[in-house]
Amino acid sequence: MNKLDVLAKINPQMKAVLAKEDELAGDANDTSVGFEQMRENYVAGRAFWAEGGPVMAEKRDFAVAGPHGAIPVRFYYPTQEALRGCSAGSPETPGIVYVHGGGFVLGNLDTHDRFCRILAEKTGAVLVAVDYRLSPEAKFPSAVEEVAAVARYLHDIDGERLAFAGDSGGAHLDLAATLYLREECGGADWVKCLMLYYGWFGLKDSASMRLLGGPWDGLTEEDWLYYRTMYASDVAELEASPYANLFLNDLTRDMPACYVAAAGLDPLRDDSAALAAILEEHGIPCRYEVFEGVIHAFLHYTKMLDEANDALEHGATFYRQQLGW
């Protein structure tokens, strides 16, 4: 009730993307089919969007020891120089930890492979994607702890210039893991930059949540409750924990520079707006950008959508500026 007519407001490229989505595998946004079928649909549908794009000098799959067992990761080396630098243990090539979205329930290393390669190419950094354990099999705060564990592992071998990047639930985990490292693990001053694409950061209600969200993005109120129920043993736990409701933290100090990107027609848009307003008010380096005419998860559609490519380009530019890279 009282929703905006999003499908009348999306831009022509976004309309073409949704038409293509209808041709692909079953609807991964339909929470009524259960998480196992959703995962099958999501993997099948994302396979098309992950095709093509930049070719890496090398990709390596590896595993990092974590608090709940081995954590699969994928290293992306965009150039031979990056590959040689990492092999030699040099801290001169900075690293980016990429955390995928999917509502904490969906996604893996392959579903986000294309824009990991794009971001690695545009930044020139070694990018490490994290295949954290999904919910409901793994419950909060498992994913936060695993993302933090991968970052700590890389910090031990890669010096003082790490960054996080991620989309949707991955953006949430980027910020959550940074705060967890800061408060629980002795500090996170070596995390120099966050690239946060259309994340949820803790708002329970907002204008964008009231006005937006539907079957086109799988973020109706019922869908959003489903994801939170999958993620946590008790939804109330998410509202009370500083590593889920991230606005419970002091975001005015000891924060890395942040590129914050939002989709103009996303029910989570106001989470990004609130985060950016706090950072800007307190002098933390931040670029906040709203991409109009597109919906949640638009970053997947670099094959057809200018805004997806622009968002990755702008995030990479911000990152390079902050690291002097």
Side-chain angles (χ1 to χ4, degrees), residues 6-7 10 13-56 59 61 71-74 76 98-120 127 129-138 143 165-173 197-200 213-220 222-224 226-231 263 266-268 294-305 307-309 311-312:
V6 168
L7 296 181
I10 57 175
Q13 288 185 342
M14 193 78 247
K15 288 181 181 179
V17 164
L18 293 183
K20 183 64 181 179
E21 286 274 64
D22 288 342
E23 298 174 12
L24 298 173
D27 184 6
N29 293 328
D30 182 2
T31 56
S32 69
V33 303
F35 70 90
E36 292 177 330
Q37 186 63 52
M38 288 176 69
R39 285 178 185 166
E40 291 184 18
N41 296 343
Y42 189 84
V43 169
R46 292 296 182 244
F48 168 80
W49 300 108
E51 294 171 347
V55 176
M56 298 287 97
K59 293 196 299 185
D61 287 352
I71 308 165
V73 297
R74 179 171 294 165
Y76 294 82
Y98 195 92
V99 187
H100 71 77
F104 315 110
V105 175
L106 311 173
N108 57 38
L109 296 176
D110 294 328
T111 58
H112 289 63
D113 183 76
R114 180 183 169 107
F115 52 82
C116 284
R117 287 182 281 116
I118 292 173
L119 196 58
L127 187 146
V130 183
D131 198 13
Y132 56 90
R133 286 166 173 76
L134 297 175
S135 298
E137 296 93 334
D167 63 296
S168 190
H172 173 95
L173 291 172
Y197 294 94
Y198 46 81
W200 168 64
W216 49 85
D217 58 15
L219 284 176
T220 65
E222 293 79 12
D223 294 327
W224 183 222
Y226 174 85
Y227 285 115
R228 287 178 291 156
T229 301
M230 292 290 101
Y231 186 45
D266 182 357
L268 300 184
V294 298
I295 63 173
H296 190 79
F298 74 92
L299 212 62
H300 284 277
Y301 307 122
T302 52
K303 280 188 174 184
M304 296 175 60
L305 192 62
E307 286 78 6
N309 290 291
L312 288 168

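Just so it is clear, the model here is predicted, and its values are computed rather than measured.
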If you apply the rule side-chain contact (heavy atoms from CB on, under 4.5 Å), what do you find for Tyr231 with Val105, and how did you get there? CA-CA 7 Å; Tyr231 186 45; Val105 175; over 6 Å; no

side-chain contact (heavy atoms from CB on, under 4.5 Å), that's the test. Do Met56 and Arg117 meet it? Break it down for me. CA-CA 7 Å; Met56 298 287 97; Arg117 287 182 281 116; 3.8 Å; yes

Within the distance-only criterion (no hydrogens, no angle test), does the side chain of [X] pair as donor or acceptor with the backbone N or O of [Y] below 3.5 angstrom?
| X | Y | value |
| --- | --- | --- |
| Asp131 | Pro72 | no |
| Arg228 | Asp223 | no |
| Asn41 | Met38 | no |

What heavy-atom pair brings [X] and [Y] nearest, and what distance separates the two atoms?
| X | Y | result |
| --- | --- | --- |
| Gly199 | Ala171 | CA-CB, 3.8 Å |
| Gly218 | Asn29 | CA-CB, 3.6 Å |
| Val130 | Val73 | CA-CG1, 4.3 Å |
| Phe104 | Gly169 | CE2-O, 3.6 Å |

Reported [atom1]-to-[atom2] distance for the pair [X] and [Y], which is rounded to 0.5 angstrom:
| X | Y | atom1 | atom2 | value |
| --- | --- | --- | --- | --- |
| Tyr226 | Leu219 | OH | CG | 13.5 Å |
| Glu23 | Leu18 | CD | CG | 11.5 Å |
| Thr229 | Trp224 | OG1 | CH2 | 10.5 Å |
| Leu134 | Phe35 | CG | CZ | 9.5 Å |
| Ile295 | Leu305 | CD1 | CG | 9.5 Å |

Heavy atoms, side chains only, cut-off 4.5 Å: are Tyr98 and Asp167 in contact?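 Sidechains of Asp167 and Tyr98: in contact.
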
Do Tyr227 and Leu106 touch side chain to side chain, with heavy atoms closer than 4.5 Å?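 With C-beta onward as the side chain, the pair touches.
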
With sequence neighbours excluded, tell me which residues meet ring-ring contact (aromatic ring centres under 6.0 Å, His included) with [X].
| X | result |
| --- | --- |
| Tyr42 | none |
| Tyr197 | Tyr259 |
| Trp49 | Tyr301 |
| Trp216 | none |

Salt bridge (Lys or Arg N to Asp or Glu O under 4.0 Å) contacts in which one or both residues fall within residues 294-303, not counting sequence neighbours: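 Found Glu51-Lys303.
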
Residue pairs passing the salt bridge (Lys or Arg N to Asp or Glu O under 4.0 Å) test where at least one lies in residues 36-46, sequence neighbours excluded: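 Applying salt bridge (Lys or Arg N to Asp or Glu O under 4.0 Å) to every pair that reaches into residues 36-46, excluding sequence neighbours, yields Glu21-Arg46, Arg39-Glu137.
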
Kindly determine whether Phe115 and His300 satisfy side-chain contact (heavy atoms from CB on, under 4.5 Å), including the steps that lead there. CA-CA 7 Å; Phe115 52 82; His300 284 277; 3.4 Å; yes

For Arg133, enumerate each residue passing the side chain to side chain donor-acceptor pair (under 3.5 Å) test, keeping only those at least two apart in sequence or located in another chain.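 By the side chain to side chain donor-acceptor pair (under 3.5 Å) rule, Arg133 matches Glu146.
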
According to side chain to side chain donor-acceptor pair (under 3.5 Å), who are the partners of Ser135, at least two apart in sequence or on a separate chain?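 With sequence neighbours excluded, Ser135 shows a side chain to side chain donor-acceptor pair (under 3.5 Å) to no residue whatsoever.
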
Tell me, please, which residues at least two apart from [X] pass side-chain contact (heavy atoms from CB on, under 4.5 Å).
| X | answer |
| --- | --- |
| Lys15 | Ile10 |
| Asp61 | Arg74 |
| Ala263 | Asp266, Val294, Phe298 |
| Ala50 | Arg114 |

Would you check if there is a donor-acceptor pair between the side chains of His100 and Thr111 at a distance under 3.5 Å?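 Distance-only check fails for Thr111 and His100.
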
Can you confirm whether the side chains of Asn309 and Thr302 place a donor and an acceptor under 3.5 Å from each other?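 The answer is no; no qualifying pair exists.
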
Check the pair Leu299 / Glu307 against side-chain contact (heavy atoms from CB on, under 4.5 Å), numbers first and verdict last. CA-CA 8 Å; Leu299 212 62; Glu307 286 78 6; over 6 Å; no

